[in-house]
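Dropping a structure here in structure tokens format, bear with me for questions.
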Protein chains: 2
Amino acid sequence: MPPATRRSPARRAPVVRKPLADRREDLVEAALRVLVRDGVAAATTRAIVAEAGASLSAFHYCFDSREELLVLAAERITDRTVDHVREGFSADGDLRTVVVGALTALWERLEADPHRELIGYELSHHARHRPELRPAVARLFRHYLDVHEQFLADGAAAAGFTWTTPVPVLARLINSTLDGLALTWLVDRDGEAAREVIGALADALLAAARPA
Amino acid sequence: MPPATRRSPARRAPVVRKPLADRREDLVEAALRVLVRDGVAAATTRAIVAEAGASLSAFHYCFDSREELLVLAAERITDRTVDHVREGFSADGDLRTVVVGALTALWERLEADPHRELIGYELSHHARHRPELRPAVARLFRHYLDVHEQFLADGAAAAGFTWTTPVPVLARLINSTLDGLALTWLVDRDGEAAREVIGALADALLAAARPA
DNA sequence: AAGTGTCTGGGTCAATTGACCCATACGACT
DNA sequence: AGTCGTATGGGTCAATTGACCCAGACACTT
């Protein structure tokens with residue numbers, strides 16, 4: 001009589017085996033997709049492993065907890081921000097052209113995929129009760145501000161202007177307005193109104209520029 | 001022998017009985033407090049009834065579902081917005097004084113109790129998966145814009161100016177910037193930076209005003 | 001080909017949550 | 001004082017979720 005614990009040796013579907021690092025990568029990417037598509041509340045471990053095509057055990061083999069994965073996902077978002085913001089930035093033309101063009105590009109990206117950019121805010125709400133998430137969220141926010149500051153500095157340098165208002169203040173103004181605008185747009189979907197606000201924001205920035 | 005279903009007639013703590021309308025009111029207010037203090041995710045039926053000092057049955061006696069309560073809470077927030085925004089608004093002095101004063105008052109209120117003003121955004125995230133919540137959230141957002149439009153119209157009238165940019169656009173700019181600013185502030189708690197942005201926003205508004 | 005450590009399947013477990021039910025106690029009205 | 005509709009207490013129930021465990025399958029190395 002075979003040991004009672006022995007399973008039936010029935011043939012099973014071929015199993016995909018991956019090194020730990022690859023599986024972790026899959027799970028982080030899957031988490032990101034679920035976060036963007038369905039939000040933080042829906043990003044349960046089961047939803048994430050389903051998205052990744054992995055099993056629950058694979059998840060617990062790769063990570064100690066769900067929070068650990070979320071932290072990595074937040075950091076991944078941070079890493080990618082630079083590319084996203086730089087995309088569509090052109091330093092050709094006068095200051096107005098550069099500013100309006102860059103802000104419009106930023107907004108169009110937001111409008112095309114608002115949830116992607118807004119996970120940060122959902123994560124920040126979530127971090128209210130998950131202290132371990134706070135550092136990652138703080139880095140994410142700081143990163144956005146840094147990128148906007150860089151954009152302001154590059155734009156002014158390219159067009160031969162200087163800012164009469166401190167660049168960090170302008171960066172925070174841009175960041176806040178775009179985020180608030182996106183939040184409101186998600187509710188009322190009034191893209192035209194949003195674009196007009198972008199125009200007003202551009203005017204505000206231009207009023208704070210003068211020839212170097 | 002007494003019926004098996006009969007409970008022991010042991011003395012109980014005095015019971016507070018309230019008419020349905022009062023109990024509903026208690027629950028809505030309790031829900032609001034929990035929402036502000038702990039966020040949407042923590043606003044479970046149990047947390048709400050505990051806050052209200054009611055029982056789970058009382059909850060189900062008063063409402064068909066948790067969503068129904070949340071909708072009422074969202075509407076309650078809407079009703080109160082007017083008072084909050086009007087508070088601290090003064091039409092005395094020139095346009096700069098009025099604008100800076102009003103924006104500062106708005107910001108101070110936000111900084112003093114950020115969660116109160118930001119429930120709307122948490123609710124809007126939540127509404128992504130709860131369609132029945134969407135109308136209430138839409139009303140809430142619309143209401144904020146209306147109030148800011150009113151504020152702009154009143155301020156201009158009081159100081160004898162007109163706006164060169166459409167008032168709805170300016171209202172959306174104010175609304176977006178304040179909300180985005182609050183979101184960022186919640187993460188980095190940099191109040192000084194926020195105030196400087198408020199100043200920049202005031203400059204932007206003043207640049208869109210001219211004598212009537 | 002045996003050995004060894006890594007990876008996976010398929011469960012379990014306790015906690016939480018929204019919803020719900022029924023018998024009973026209350027109290028306004030008659 | 002009796003009646004009747006309303007409010008309440010204290011449970012139950014199924015579903016979901018994060019965490020976890022164990023035996024076995026696999027792929028290297030030697």
Close side-chain approach of B:L152 to B:I174, heavy-atom, < 4.5 Å: yes
Nucleotide C:dT17, atom C1' - distance to NE2 of B:H129 in whole Å: 18 Å
A:R142/A:E149 ion pair, N-O < 4.0 Å: yes
Separation of atom CG in B:D64 from atom P in C:dG18, rounded to whole Å: 15 Å
Test: A:R109 cationic atom under 6.0 Å from A:W107 six-membered ring centre, within 45° of axis: no
Distance, rounded to the nearest Å, where A:F59 contributes CZ and C:dC7 contributes P: 16 Å
Interatomic distance, A:E132 CD vs D:dG18 P [rounded to whole Å]: 14 Å
Length of the line joining A:I48:CD1 and D:dT16:P, which is rounded to integer Å: 17 Å
Test item: side-chain donor near acceptor, A:S176 and B:T177, under 3.5 Å: no
Lys/Arg N to Asp/Glu carboxylate O, A:R172 vs B:E196, below 4.0 Å: no
Distance-only donor-acceptor test (3.5 Å): side chain A:S57, base C:dG9: yes
Touch class at under 4.0 angstrom, heavy-atom based, for A:L56 against every strand present: base
Distance, rounded to the nearest Å, where B:F63 contributes CZ and D:dT8 contributes P: 12 Å
Upstream residue (5' side of DNA chain C) when B:A43 and A:R46 are each assigned their closest nucleotide: A:R46
N/O (side chain, A:S55) to phosphate O (OP1/OP2, C:dT8) under 4.0 Å: no
Selected nucleotide, minimal atom distance to B:Y61 side chain, candidates D:dT8, C:dT8, D:dG18: D:dT8
Between P of D:dA7 and CG of B:D22, the distance in whole Å: 10 Å
Rounded distance (Å) that lies between atom P of D:dT17 and atom NE2 of A:H126: 13 Å
Side chain of A:L20 (C-beta onward), nearest among C:dT8, D:dA7, C:dC7: C:dC7
